[in-house]
Amino acid sequence: MQSRLQELKQAALTRLAEVTDAQQLQELRVKYLGKKGELTEILRGMGSLSAAERPLIGQLVNQVRSELEAAIADKQAALEQASLAARLAAEALDVTLPGRPLARGTMHPLSRVIEQAEDIFLGLGFEVAEGPEVELDHFNFEMLNIPKNHPARDMQDSFYITEEILLRTQTSPVQARTLLRKEGKTPVKIICPGKVYRRDDDDATHSHQFTQIEGLVVDKGIRMSDLKGTLLTFARQMFGEHQQIRLRPSFFPFTEPSVEVDIQCILCGGEGCRICKHTGWIEILGAGMVHPRVLEMGGYNPREVSGFAFGMGVERIAMLRYGIEDIRHFYTNDVRFLRQFHRVQGGTGR
Ligand code: PHE
């Protein structure tokens, strides 16, 4: 019996030395120490022993069991160590390898100008509104005091989809939509950035699709001076704090009186140069006091409230700000053009 136990121990230890993974270790544990294992089998055979031998053998069995348990535990610890070391080696990071450059996008200059304009007007208490690009003739023209056959329709050659539906030629229909939505409530104070479409032949300064920002304010006692102050603030924040603006009489069917607004030439500062055609001034937008008919059609009483509106071309502002000479650059998506705006500050960094 004693020798059988010794053999068993030796055999177990020999095989233990050969074990190389956790599964083999578990099998070995079951084989020798498990409920149906070899050691248990020996214990069962103890019935045939004499009363004198039993405690001795019992003690020996326990001793062998605890030796084997200890050896197995050691082996388990060693295996865990080894597998950790292997994992660390496999997952090792070579920090000396060159990095892979991440292609970084840039904000499109038009998006940037829109964001800057939104920042400026939000700071003045305006809300941003939106309207559909596929618009009803009703909102694009009729509600803006441009009835069918009005000569003013020729100012904006349109893409018609049906007789009543077109691609909007201006963001001004959002004025009409906003007035109806506000149901006579004041104040109305919105800007609306968005795409517009006109049947133009594309060249360096014309595009059949471009971007406008519309502005509309309606409240009691709104005057031309409010328009002028708002636009001066905008011009100074967009183009520099010493900027000056100039209002010239003009005509739009939905404003009366109407003006065109110039800023001082940002290239020559007013001296006169090629860009400003030697006038010192550059036109940036159209504006005026909301026509009483437009207020009326929008559900407002022109004897109680008044308002101003303006509309500017985003491309024009971006071209002036960044010295871009051809409007087509905005749409051809040449990355070499877009990449130049990596370093240009956006958003709040005017
Ligand atoms: N909608 C006009 C245009 O596209 C601009 C404008 C807007 C003028 C609002 C006056 C008031 O030319």
Side-chain angles (χ1 to χ4, degrees), residues 110 114 117 121 126 128-133 135-147 150-159 166-179 188-200 205-219 222-232 234-235 245-263 282-295 297-298 300 302 305-317 327:
L110 293 179
I114 290 174
F121 284 109
F126 283 71
V128 177
E130 282 188 335
E133 288 171 31
E135 184 55 286
L136 294 171
D137 182 285
H138 179 70
F139 288 115
N140 195 78
F141 290 128
E142 305 272 334
M143 291 280 288
L144 294 168
N145 200 30
I146 315 176
H150 191 288
R153 289 205 178 201
D154 297 341
M155 285 163 71
Q156 301 178 357
D157 221 347
S158 321
F159 289 108
L166 75 165
L167 299 182
R168 68 179 175 193
T169 59
Q170 48 189 352
T171 41
S172 302
V174 183
Q175 285 189 35
R177 287 180 173 275
T178 303
L179 291 180
V188 177
K189 210 170 171 190
I190 55 128
I191 57 161
C192 165
K195 292 195 185 81
V196 300
Y197 303 84
R198 289 184 199 177
R199 286 172 44 147
D200 255 332
T205 52
H206 294 86
S207 169
H208 61 281
Q209 177 234 286
F210 59 103
T211 320
Q212 286 190 330
I213 297 177
E214 190 81 11
L216 172 70
V217 173
V218 175
D219 205 349
I222 296 292
R223 297 174 303 187
M224 194 98 180
S225 52
D226 298 312
L227 169 64
K228 198 172 173 184
T230 302
L231 293 179
L232 182 61
F234 168 76
I245 60 169
R246 178 175 86 165
L247 273 55
R248 286 179 289 105
S250 185
F251 171 79
F252 298 102
F254 34 88
T255 46
E256 182 58 36
S258 302
V259 290
E260 265 165 299
V261 180
D262 302 338
I263 56 168
I282 296 181
E283 186 206 322
I284 58 160
L285 56 87
M289 301 308 290
V290 182
H291 196 290
R293 285 281 301 136
V294 172
L295 286 174
M297 285 187 278
Y300 285 76
V305 297
S306 52
F308 67 74
F310 56 86
M312 65 181 94
V314 178
E315 282 78 358
R316 188 155 174 75
I317 307 243
I327 195 170

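Read the numbers this way: they start at 1 and go in the same order the structure lists the ligands and their atoms. Keep in mind that the numbers below use all heavy atoms, side chains included, and drop hydrogens, waters and symmetry copies.
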Taking every heavy atom of M143 against every heavy atom of A176, the minimum-distance pair comes out as CB-CB, 3.6 Å

One finds that the ligand 1 atoms under 4.0 Å from a non-hydrogen atom of Q212 are 3 (C), 4 (O)

Contacting atoms of ligand 1, where contact means under 4.0 angstrom from a heavy atom of S172: 1 (N), 7 (C)

Where do A129 and P193 come nearest, in terms of heavy atoms and distance? O-CD, 3.9 Å

Which part of R198 is near ligand 1, with near meaning a heavy atom under 4.0 Å away: side chain, backbone, both or neither? side chain

Go through ligand 1 atom by atom and flag the ones less than 4.0 Å from a non-hydrogen atom of Q175. 9 (C)

List every atom of ligand 1 that sits less than 4.0 Å from any heavy atom of A287, numbering the atoms from 1 in the order shown and giving each element. 8 (C), 10 (C), 11 (C)

In V188, I190, V217, the residue satisfying side-chain contact (heavy atoms from CB on, under 4.5 Å) with F126 is V217

Judged on heavy-atom distance to atom 11 (C) of ligand 1, which of F254, F210, F308, F252 sits nearest? F254

Between atom CD of Q170 and atom CD of E135, what is the distance when rounded to the nearest 0.5 Å? 10.0 Å

More than 12 heavy atoms of other groups within 6.0 Å of R248 CZ: yes

Carboxylate-amine/guanidinium contact R168 E214, below 4.0 Å: no

Out of all atoms in ligand 1, which are within 4.0 Å of some heavy atom of F310? Include the element for each. 7 (C), 9 (C), 11 (C)

